[in-house]
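See structure below.
All residue numbers in this chain count up from 1 along the given sequence. Reckoned from all heavy atoms, side chains included, excluding hydrogens, waters and symmetry mates.
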Amino acid sequence: MTLFLKKFTTKYNTAPFSKINLSDYKEAFGKTIELARTEIDSIVNNSETPTFSNTIEALDYSGEQLDRLSNIFFNLNSAETSDEMQKIAQEVSPLITAFSNDIAMNEELFKRVKAVYDQKDTLTLTTEQVTLLDKKFKGFSRNGALLNEDDKLKLREIDTELAKIKLTFGENVLAETNNYQLHITNEADLKGLPDGTKEMAASLAKSKNLEGWIFTLDFPSYLPFVTYVENRELRKEIAIAAGKKSFQDNEFDNKENVKRIVELRHKRANLLGYQSHSHFVLEERMAQNPEKVQSFLNDLLEKAKPAAQKEFAELTDFAKELDGIDQLEKWDGAYYSEKLKQKLFSLDDELLKPYFKLENVLNGAFTIAKKLFGITFKEVFDIDKYHEEVQTFEVLDFEGKLVAVFYSDFFPRKGKRNGAWMTSFKPQYIKDGINERPHVSIVCNFTPPTETKPSLLTFNEVTTLFHEFGHALHGMLANTTYPSLSGTSVYWDFVELPSQVMENWCYEPEALALFAKHYETDEIIPQQYVEKIKESASFLEGMATLRQLSFGILDMTYHGKSQTIDDVKAFEKQAMEGTSLYPDVAENCMSTSFSHIFQGGYSSGYYSYKWAEVLDADAFAYFQEKGIFNKEVATKFKDNVLSKGGTELPMELYKKFRGQEPKVEALLKRAGLI
């Protein structure tokens, strides 16, 4: 299997998806790990004195083939997986972890890195090179290079077990999502549900040779159901099913996995000399330590809670007045919020969806990127893709030079995990005078087209597309020398700034006029709708803020100190007590499917969504001040944030763009909380 051992012969060196067989992966991982090992050996065995070039740079450029293979394989394992692929993932993950550990614990390699690091003050290095040197040194010290042999072995065992258990956690959540379906045969049970969702459910039933309608826990199916269906018992049924994923004492149960992941993370942190997993993680974040995060979350909680309680009381009164309901439950939240929103703003998703045809929204994002950053997107059909629904684009600058290759993958299917994310098949970097351009992808689960209608997005899906597109711009406009500092390789609480700031354009009349056009008549979205979208942007914002804070607080409670967890459900309930508005549901537990922190990279980092909201509200206030398409502000943002990746400390980059540190008031003002 030589495909992965050198550059691909495809256009722009893109991934040759159609030539890859599942059976090739295992051997390819073995070979590319071997190749990467040889590269490391040649750095270690270099008889010359360690220098920045022959050690630090050489290390950053090593393992290119392995990285490329890993990007392709693990991206497909999220977007286009199968039982066989998951089995391969379980087999190769420990091999990759073992190889990473071999590097992190290679004493001779560390000696060379330390030799360069120790003379840091006498070297003439650029800011980016200083950052890389610090990163490489910490990469060793934070991974056990300073430990004794026994402790190194313990660390290795912990990392191998963690890699497997996190994979299992995610597979269990996916299995539980796929295993549930709500089959409805009586149309009266669907009263209130929009036609488009009903049609989608009928088509799903038909594909399974069943009469009636099928609803699943995939978001485009689940969310409209709990938002619009009048039948309260059915809303309750599907909401409880969603809330008890991997909390059912069956083969896909994640309770023990949660406990074990938390335990292993703390053990690892203690072994490395840190008080807790959070102390370890936050050393490499803008927030710096758990105390600062707790104080940030508590400060926001204090400001948002009165507004949230007031909103909840209003929603409760509204439900009682409308339907005589005494106690609002979790399965009532989306339904009555939507009803109240319609009453206050005469605005609902069904009214807006005809103006948000997917193709138009995507082209709108492209147009806004062109106006701000001078890049154009051209769909091409000669780049290989992993599924027929994927679209491929060349991203070009004003001179027609390639900036990036962009992939989009928008609809749910079996084998694709829930949610939306941006990822990269190949990073940007400069080597041997060649600026290697990135291959970036966004993957979503939007409402698919039906036999009679194109894909029409809810407004929430519109902001999701812009969010992921913001991440994509961060990847595509990268312009750094070293791969490990490129694109979204930044501190975790900074990475959401480009994505969240892009969402702001979805609320601006000037931007909406570019793409919000009725899919049948081409009429631009009426001004009164735009005003209502803006007004409703802060609707129930107190409750939404409290919900986000509850996730951040739960994350910090798990990871902020070493502890023994006897009962996951009881632990979660206590942690979230100060943020709870709805009564607890005994059958449900959020932790067992909280993939962000137990499978993804958000452990001790969930607060970063809110942290980045402060950054994005402050950044967008600058755009509003000068004009939302102001070239000068856009260029500053591109040059100091989007293109710089992780080459400097994020606060320094932000201040270069904004001229000052961000102010939390910008967020509170935008959210209508002050």
Side-chain angles (χ1 to χ4, degrees), residues 286-287 296-312 314 337 340-341 344-345 347 352 368 372 459-471 493-512 516 529-552 579 606-630 633-634 636-637 641 650-651 654-655 657-674:
M286 284 178 88
F296 170 73
L297 294 172
N298 291 336
D299 184 35
L300 269 179
L301 179 60
E302 198 182 306
K303 293 185 168 87
K305 196 169 181 176
Q309 288 170 325
K310 185 167 170 279
E311 290 165 2
F312 190 71
E314 284 167 6
S337 297
L340 181 58
K341 188 170 156 190
L344 295 176
F345 306 106
L347 189 71
L352 295 176
I368 289 166
L372 292 170
F459 187 69
N460 189 38
E461 288 176 325
V462 173
T463 56
T464 297
L465 191 151
F466 269 72
H467 179 101
E468 298 310 332
F469 187 66
H471 280 311
D493 45 9
F494 191 58
V495 80
E496 294 297 335
L497 166 62
S499 54
Q500 288 182 189
V501 82
M502 281 309 293
E503 292 181 38
N504 289 283
W505 274 266
C506 302
Y507 297 92
E508 297 295 319
E510 211 184 325
L512 284 165
Y529 289 4
V530 175
E531 278 158 23
K532 286 177 195 295
I533 286 173
K534 284 203 82 148
E535 277 173 40
S536 66
S538 57
F539 172 65
L540 301 186
E541 188 57 44
M543 284 172 67
T545 299
L546 217 60
R547 183 171 179 270
Q548 280 287 80
L549 292 174
S550 74
F551 299 159
T579 57
Y606 204 88
Y607 76 90
S608 61
Y609 280 108
K610 274 288 162 215
W611 183 277
E613 266 187 62
V614 171
L615 295 175
D616 103 65
D618 188 71
F620 195 67
Y622 189 25
F623 273 101
Q624 286 175 308
E625 205 181 292
K626 304 278 189 183
I628 65 162
F629 290 117
N630 182 286
V633 180
K636 274 188 185 178
F637 192 68
V641 176
M651 192 58 87
Y654 189 82
K655 285 192 294 192
F657 154 64
R658 186 68 167 101
Q660 62 187 42
E661 289 203 0
K663 294 182 165 66
V664 75
E665 286 69 28
L667 171 64
L668 297 170
K669 191 175 165 192
R670 183 177 72 184
L673 298 175
I674 55 169

Check: Do the ring planes of Phe629 and Trp505 sit parallel (below 30°), tilted (30 to 60°) or perpendicular (above 60°)?
Finding: tilted
Check: Shortest non-hydrogen contact from Pro662 to Met651?
Finding: CD-SD, 3.7 Å
Checklist line | Distance in Å, Leu372 CG paired with Met502 CE, rounded so as to fall on 0.5 Å steps | finding: 6.0 Å
Checklist line | Single hit among Glu531, Glu541, Lys341 for side chain to side chain contact (heavy atoms under 4.5 Å, CB included) with Ser536 | finding: Lys341
Checklist line | Distance-only polar pair, side chains of Thr464 and Glu461, donor-acceptor under 3.5 Å | finding: no
Margin query: Please report the interatomic distance CZ(Phe539) to CG(Leu340), rounded to the nearest 0.5 Å.
Written below: 4.0 Å
Notebook entry, point to check: When the ring centroid of Tyr622 is compared with that of Phe657, is the distance short of 6.0 Å?
Noted result: yes
Check: How long is the span from the OG1 atom in Thr579 to the CE atom in Met543, to the nearest 0.5 Å?
Finding: 12.0 Å
Next item on the list: Answer yes when Lys532 and Glu535 have at least one side-chain N-carboxylate O distance shorter than 4.0 Å, and no when they do not.
Entry: no
Next item on the list: Determine the sole option in Glu503, Glu508, Gln500 for which the side chain to side chain contact (heavy atoms under 4.5 Å, CB included) test with Phe620 is passed.
Entry: Glu508
Margin query: How close do Tyr529 and Leu347 get, counting heavy atoms only, and between which atoms?
Written below: O-CD1, 4.4 Å
Item checked: CZ-CD1 distance between Phe469 and Ile368, expressed to the nearest 0.5 angstrom -> 8.5 Å
Notebook entry, point to check: From Tyr609 OH over to Gln548 CD, what is the distance, rounded to the nearest 0.5 angstrom?
Noted result: 8.0 Å
Margin query: The criterion is ring pair (Phe, Tyr, Trp, His ring centres under 6.0 Å); which residues satisfy it with Phe296, sequence neighbours excluded?
Written below: Trp611
Next item on the list: Assess whether atom CD of Gln660 is packed by more than 12 heavy atoms of other residues, nucleotides or ligands within 6.0 Å.
Entry: yes
Notebook entry, point to check: Minimum heavy-atom separation for Asp616 to Arg670, with atom names?
Noted result: OD1-NH1, 2.7 Å
Item checked: Intermediate values then yes/no, ring-ring contact (aromatic ring centres under 6.0 Å, His included), Tyr507 and Phe459 -> CA-CA 10 Å; Tyr507 297 92; Phe459 187 69; 5.2 Å; yes
Next item on the list: Evaluate whether atom NZ of Lys310 has more than 12 neighbouring non-hydrogen atoms of other residues, nucleotides or ligands under 6.0 angstrom away.
Entry: no
Check: Atom CG of Leu297 and atom OH of Tyr607: how far apart are they, to the nearest 0.5 Å?
Finding: 9.0 Å
